[in-house]
Amino acid sequence: MSAQIIDGKMVAERTRNQIREDVDSWVEEGNRRPFLQVIQVGTDPASSTYIGAKTRACNDVGIETGTAHLPDTISAKELKKQIRKFNEDDNVDGILVQLPLPNHLSSHDVIESIDHRKDVDGFHPMNVGRLAVDQPTFRSCTPAGILELFKHYSIPTKSQHAVVVGASNIVGSPMAITLSRENSTGKATTTICHKYTKDITRHTIDADIIIVAAGQPGLIKAEMVKEGVVVIDVGINRVADETSKKGYKLVGDCDFEALKKKASWITPVPGGVGPMTVAMLMKNTLLAAKKSIYPED
Ligand code: GUN
């Protein structure tokens with residue numbers, strides 16, 4: 001078997017085109033353009049790259065955005081003061097604090113200080129909790145983007161065995177919740193594997209769908225999966241590559257070349273899940289501007 005490639009770049013472009021139309025209609029109805037406030041603490045180069053992609057996507061769909069650059073020595077108190085200012089600013093629809101934060105700051109504490117009605121990342125416990133009980137919420141962007149890919153390619157999840165490798169708050173955990181719930185795209189039997197799992201292969205070998213977000217290049221190998229599996233690779237790892245100008249290349253968590261021969265569908269890295277994550281952030285920002293999840297009265 002040779003897998004069909006899931007083209008996240010193409011689906012993300014189509015999604016952004018739709019969002020641009022929706023933003024234009026919203027503005028034509030007399031509303032202010034949506035505004036996304038990004039906060040970067042420190043100068044981590046990978047974070048700057050991700051913020052660059054988010055800013056370009058905003059420009060593409062007609063959402064206004066600004067990034068507050070704060071020093072990596074900032075205190076929790078001062079950072080939360082800045083966040084409060086954006087919480088209270090009626091011209092700010094969405095707030096995103098780029099992670100990871102410097103070690104002296106607690107991401108939980110910082111995320112909880114964001115007004116949940118502006119939490120377009122979907123990381124606030126209010127939004128994660130609503131996801132867990134199948135209520136309208138800001139869905140975290142990577143799981144939401146993966147569901148859009150399933151929808152686009154008519155890849156069923158109902159009654160399938162989905163194995164999620166990695167239990168992070170950003171991807172693995174909300175992904176597993178979404179897949180297991182009885183909403184239109186879930187209904188899967190879901191297993192979560194993580195660093196304490198005794199024998200990952202015991203689970204992955206039985207998977208109809210594998211979603212890997214572990215941050216370990218080469219973690220999932222062909223002998224760990226069954227023929228016809230759907231492989232979604234969320235990993236974005238920089239590995240040294242002297243032939244590239246940057247000195248590194250991006251690879252996922254899966255042995256792509258070997259898995260391609262066994263899977264029915266597979267996402268490439270880059271160009272798979274990444275662009276969908278950013279497109280879903282645009283969608284959440286528009287939902288925040290429209291107050292669709294949390295109506296005002
Ligand atoms: N760091 C890695 N992924 C993300 C994300 O989706 N949102 C934020 N805010 N930070 C991240």
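Atoms within each ligand, like the ligands themselves, are counted from 1 in listed order.
For ligand 1, the 4.0 Å heavy-atom shell takes in Lys54, Leu96, Val97, Gln98, Leu99, Asp121, Phe123, ordered by chain and residue number.
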Please determine whether side-chain hydrogen bond (donor to acceptor under 3.5 Å, both in side chains) holds for the pair Gln160 and Thr189, giving the CA-CA distance in whole Å, both sets of side-chain angles, and the decisive distance to 0.1 Å.
CA-CA 6 Å; Gln160 300 295 293; Thr189 299; over 6 Å; no
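No donor-acceptor contact under 3.5 angstrom links the side chains of Asn127 and His116, judged on distance only. At a cut-off of 3.5 Å, with distance as the only test, no side-chain donor of Gln18 or Lys283 sits close to an acceptor on the other residue.
Checking side-chain atoms of Asn237 against main-chain N and O of Gly252 turns up a donor-acceptor pair under 3.5 Å.
Considering Val278, Val11, Val61 as possible partners of Arg16, the one that fulfils the side chain to side chain contact (heavy atoms under 4.5 Å, CB included) test is Val61.
Cluster note: Val239 groups with Val251 through ILVMFWY side-chain heavy atoms spaced under 4.5 Å, whether in direct contact or through intervening members.
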